[in-house]
> 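One structure, as C-alpha cells, below. Some questions next.
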4 protein chains.
Amino acid sequence: MMMAPNAQRRSEKSHQAILAAAMDLSAERGYGNVTVEAIAARAGVSKKTIYRWWPTKGAVILEALGELAQTATVFPDTGDLVADLRTQTAAVLDFLASPRTGSAYLGLIAETQHDEALARDLVEQLIKPRVAVAMDRLRSAQRQGQLSPEADLELIVELLYGPIYYRRLLHLGPHTDDRLHALIDHVLSQWR
Amino acid sequence: MMMAPNAQRRSEKSHQAILAAAMDLSAERGYGNVTVEAIAARAGVSKKTIYRWWPTKGAVILEALGELAQTATVFPDTGDLVADLRTQTAAVLDFLASPRTGSAYLGLIAETQHDEALARDLVEQLIKPRVAVAMDRLRSAQRQGQLSPEADLELIVELLYGPIYYRRLLHLGPHTDDRLHALIDHVLSQWR
Amino acid sequence: MMMAPNAQRRSEKSHQAILAAAMDLSAERGYGNVTVEAIAARAGVSKKTIYRWWPTKGAVILEALGELAQTATVFPDTGDLVADLRTQTAAVLDFLASPRTGSAYLGLIAETQHDEALARDLVEQLIKPRVAVAMDRLRSAQRQGQLSPEADLELIVELLYGPIYYRRLLHLGPHTDDRLHALIDHVLSQWR
Amino acid sequence: MMMAPNAQRRSEKSHQAILAAAMDLSAERGYGNVTVEAIAARAGVSKKTIYRWWPTKGAVILEALGELAQTATVFPDTGDLVADLRTQTAAVLDFLASPRTGSAYLGLIAETQHDEALARDLVEQLIKPRVAVAMDRLRSAQRQGQLSPEADLELIVELLYGPIYYRRLLHLGPHTDDRLHALIDHVLSQWR
DNA sequence: TCTTAATCGAGACGGTACGTCAGGTCTTCAA
DNA sequence: TTGAAGACCTGACGTACCGTCTCGATTAAGA
C-alpha cells in the first residue's frame, strides 16, 4: 500500500496556537480589528504558516469556532421537547452573547457577505450540521407524538433561530428567558 | 437683517454624487470591497470632502440606504392585515435580495458588529423607525379586530422579520412566496 | 503662463531626511544590509513616501551619493597637471575607502550589475559627468603644452581610474601615495 | 589506529547539478535574481543539501565559476609577450562579457562588497592564483629580455586588468581589439 | 550480506523585507 | 470658507526567500 512520500508534517502545536490566538484576539478587540499579522505574532508563528493552511483570517476563525460551537450548542434529547428547546436555544443565545464566541461568530457572518468561498464553508461546516441536528430532534419528537406529523419542521427551525439572530444582529438586546419561552411556546403552539 | 454674504455652504452636488457613488460601488463590488478612496474617485470628490461630512464609509452607506429604504419598504394599510404583511415582507425580501441595496445593507450590519457608533446610528435611523411603523400597523389591526388584543406585537415582529434576515445572513436562500405566506399565517395563527 | 494646478508639494524635509538616513545606514551596516524599511524608519517617513519618489533603494543611494561625490571629488586646476592628478586621484581613493561613501558606492555599482535602469542612471548622473571633467582637465593640459597633442586622453583616464577601482573591488588594498604617484608617472610618461 | 569513520558519501550527481543550475540561472536572470530556493528546484535537490555544502549562494557561484575561469583564461607562453598578452586579455574580456560567466562573476564581486568571508574566498581562490600566473608570465618575459629588469610587474598587472574591469563595472562598453592593443602597448612602452 | 549512519528529496517552520493598498490627516491653491 | 488635489504617516496586506529543522527513503561503507 502506498503512503504519501511525505516529509515534515503540519505542526499540531502551531495549528492549535493559531486557533487559540485567533479566538483570544477576537474576544479582546473584536473580529474586525483582528489581523493575520496579530494572530501570527500572538501565536508565535510566521504569517506564512497561517497562509499555508488557511486562505483568509475568516477561515481561521471558522475553524476555531467550529470546535467551540460543537461543544457549546449540543442538542439534548431528554424526551421533553419543550425543555430541550429551552436548553438549546439558551445555549445558542449564550454562544451569541459571549464575548469570546459571539463577536467572532458575528464578524464571521459579516465577512461572508462579501466572501463567497467563506460563505460556502460557513454554511457547510457550521450551519448545515447544526440545522440538521435540530431537524433530527424535531423529527424524533414527531415520532414520540409530541409534535404533529403535519408540523412544518423547517419553518419551526427558522422561527426559533431567526428571531435570536435578528435581535443580536440588529443590536436589539438578547431575549430574556421569559421571552425565549414565549417564543418557543408560540412557535410550537400550532403543532403541539 | 444681514446674512453672512460669503460662505459657500455644503455642495449639494457633491453630497449626492458621494451617496450615488457609494451605492454604485457597493452594488458593483460588494460593500466590503468599497473604499473611501474609491468613492471619492468615483464621485469626483476629494477624500477630505467625504471625511468632512461623514466619520466612516459606513455612515455614508447608512445615509444612502436610509433614503432608499424609506421608499422601498413602505408599510401599506389597505385594511387587510394579511395582504399588507404579504406586500411588505415581500418588499423587505426584495430590498435584501437586490444587488444594489442588499449587499450594502448586509455589509453595513456587518460593520456595526465592530463599530458601536455606527450600530447606534443604524438602529436609531433605520431599524427603530421601521419597527415602529410595523408596530403601528399591527396596533391598527388590533383596533380593527383583525388581531386579538392579547397579541404579543413585539413577538410578531420578531417572528416575521427574524426568519427573513436569518435566511439571508446565513446564505440559506430567500423565501419563496409560498413559504412567506406560510410564515405569516403561522405567526398570526394564534392571535387572529 | 500655466502652472500645474498643484496641491501639496513634495516635502523637502522628508526628502533630505531620507537621503541622510540612507547614507547613515549604508555606513553603519553596509549597502547590502540596508532596507527600504529601515530607511523609512530612520528617516521617520513612511515607505510609501520613499516609493513615491524613487523606484528602488539603489536610486535613493544614487541621489544621496551624487550630492556627496560632487563636492568630494572636485578636479582642481592649479596649472600643474601632475599635482592636480595626485590631488584628485587621492580624493577618489578617499571616496572609495571612506566607510560612509565607499560602501554605498560599491554596493550601488554592484546593484547596477542586475538593474539596467539603475545602471543607466548611475552612468548618466555620476560617471559620465566626472569623466567629462577629467577629460576637460587633460585637454586644458594639452593646450598648455603639459601633455602631447597626440596623447590618448580616453586611455589616460582608464589607466588612472581603472587600477584604483580594480584594487578596491577585488579587495587588493588601496594604493599608497607612492604607488599612486608611480601610477600617474607611468601613465603620463609617454605623452609628457 | 582509528580513522575517522567519515565515509565520503557526498552525491557527486547532486553536486554537479547544483553548480550547473546555479550557472544556468545566473545566465538566465542575472546573479542578483538567483535564489538558493531556485537553484535547489532547478537542480532537483533540497535546500538542505545546498546549505550542507556551501554557506551562501555566493559560495556556490564561486565554485562554479572557479572551474570555468581556470579553463577560460589560461595564460599562454609562446615566447612572444605582446602576443600572449593580447590573447589573454581578450580571453578575460570574453569571460567578463559572456552572459554565462560575466553576470555571475560581476554579481559575485558585488556580493563580496558586503560579505567578508566570501571576499576572502574570492581573492584566495580566484584572484590571487590568476594574478600569480600573470606575474609568472611577466617574470619569464623579463628573463627572456622582452621586459626590462626594472619593470614594475605589479603595476603592469594593475594597468592591464584595471581598465578592463573598470569599463565593465561602470557600463562603459568593452574594449575593441584596437583599444586593447593600444592599452597593452602603452602599458609596456616604458619597459620594453 | 547485512547493518547502520550519513546523506538525500521534500517541504514545514519562524523570520525579515518586500512593494502595494487604504485609512485618516494635513497643506496648498482656486473659486 | 469650501472644495479638489494629493502628499503624508500609519499599519496591514499577501508573497518571496532566508536559513533551520524534521521527516522517511536511499545508499554505500565496514562488520
Side-chain angles (χ1 to χ4, degrees), chain A residues 3-11 13-15 17 33-41 43-53 55-57, chain B residues 4-11 13-15 33-41 43-53 55-57, chain C residues 3-11 13-15 33-41 43-53 55-57, chain D residues 3 5-11 13-15 33-41 43-57:
Chain A
M3 278 289 294
N6 181 350
Q8 189 171 327
R9 261 87 139 104
R10 180 172 192 173
S11 156
K13 211 178 104 200
S14 293
H15 186 167
N33 300 319
V34 174
T35 65
V36 173
E37 202 115 358
I39 296 175
V45 137
S46 85
K47 282 199 289 176
K48 188 71 215 253
T49 298
I50 296 180
Y51 285 114
R52 207 185 328 264
W53 302 109
T56 61
K57 92 172 168 183
Chain B
N6 57 351
Q8 293 173 20
R9 289 294 180 239
R10 179 172 192 176
S11 154
K13 212 178 98 196
S14 293
H15 186 171
N33 301 317
V34 175
T35 64
V36 173
E37 205 113 359
I39 297 175
V45 136
S46 89
K47 283 198 291 177
K48 186 71 207 236
T49 301
I50 295 181
Y51 283 114
R52 214 192 311 274
W53 302 108
T56 60
K57 93 172 166 180
Chain C
M3 277 291 292
N6 176 355
Q8 187 170 327
R9 260 92 139 105
R10 178 171 193 175
S11 156
K13 211 178 103 199
S14 293
H15 185 170
N33 300 319
V34 174
T35 65
V36 173
E37 202 114 359
I39 296 176
V45 138
S46 84
K47 283 198 290 177
K48 186 74 212 253
T49 299
I50 296 180
Y51 285 114
R52 200 180 342 258
W53 302 110
T56 61
K57 94 173 167 182
Chain D
M3 275 291 291
N6 76 354
Q8 193 85 320
R9 272 123 106 119
R10 179 171 193 176
S11 154
K13 210 177 103 199
S14 292
H15 185 173
N33 300 319
V34 174
T35 65
V36 172
E37 204 113 0
I39 296 175
V45 136
S46 90
K47 284 198 290 176
K48 185 75 204 238
T49 300
I50 295 181
Y51 284 114
R52 212 191 317 271
W53 303 109
W54 295 274
T56 61
K57 93 171 168 182

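Basis for what follows: all heavy atoms, side chains included, without hydrogens, waters or symmetry-related copies. Model, not experiment: these values are computed from the prediction. Letters go in sequence order (proteins before strands), and every chain restarts at 1.
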> Could you give the CD1-to-P distance, from D:Ile50 to E:dG11, as a whole number of Å?
15 Å
> I want to verify a distance call: between F:dG19, E:dG23, F:dA4, whose nearest atom is closest to the D:Lys47 side chain?
F:dG19
> Taking for each residue the nucleotide of DNA chain E bearing the nearest heavy atom, is the 5' side occupied by D:Gly44 or by C:Asn33?
D:Gly44
> Quick check for you: among E:dC13, E:dG24, E:dG15, whose closest atom lies nearest to any side-chain atom of B:Val36?
E:dG24
> In whole angstroms, how far is the C1' atom of E:dT16 from the CD atom of C:Glu37?
8 Å
> In whole angstrom, give the distance that lies between atom CZ of C:Arg9 and atom P of F:dG6.
12 Å
> Where is the tightest heavy-atom contact between A:Ser11 and A:Ser14, given as atom of each residue plus distance?
OG-N, 3.0 Å
> How is D:Ser46 classified with respect to the nucleic acid when contacts are heavy atoms under 4.0 Å: base, sugar-phosphate, or nothing?
base
> Could you list the residues that satisfy side chain to side chain contact (heavy atoms under 4.5 Å, CB included) with D:Lys48, not counting sequence neighbours?
D:Ser46, D:Arg52
> Tell me: NE2 of C:His15 to C1' of F:dC8, nearest whole Å?
15 Å
> Spell out yes or no: do the side chain of D:Lys48 and the base of E:dG11 have one donor N/O and one acceptor N/O closer than 3.5 Å?
no
> As a test of reading the structure: which of E:dA22, F:dC13, F:dT20 is closest to the side chain of A:Thr35, going by heavy atoms?
F:dC13
> Rounding to an integer number of Å, can you tell me how far B:Lys57 NZ sits from E:dG23 P?
7 Å
> For C:Trp53, report the nucleic acid contact type (base, sugar-phosphate, nothing); a contact means any heavy atom under 4.0 Å.
sugar-phosphate
> What does D:Arg52 touch in the nucleic acid at a heavy-atom separation under 4.0 angstrom: a base, only the sugar-phosphate, or nothing?
base
> For the residue pair A:Val36 and A:Ile50, what are the closest heavy atoms and their distance?
O-CD1, 3.9 Å
> On DNA chain F, nearest-nucleotide positions of C:Val45 versus A:Pro55: which is more 5'?
C:Val45
> Using only side-chain N and O atoms of B:Ser14, determine if any of them is under 4.0 Å from OP1 or OP2 of F:dA4.
yes
> Quick one: side chain to side chain contact (heavy atoms under 4.5 Å, CB included) partners of A:Ala17, sequence neighbours excluded?
A:Ala43
> Would you say B:Thr49 reaches F:dA4's phosphate, i.e. side-chain N/O to OP1/OP2 under 4.0 Å?
yes
> So do C:Arg10 and C:Trp53 actually touch side chain to side chain, heavy atoms under 4.5 Å?
yes
> E:dA17 P sits how many Å from C:Ile39 CD1, rounded?
12 Å
> Identify which nucleotide among E:dG24, E:dC8, F:dA4 has an atom closest to any side-chain atom of B:Tyr51, counting heavy atoms from C-beta outward.
E:dG24
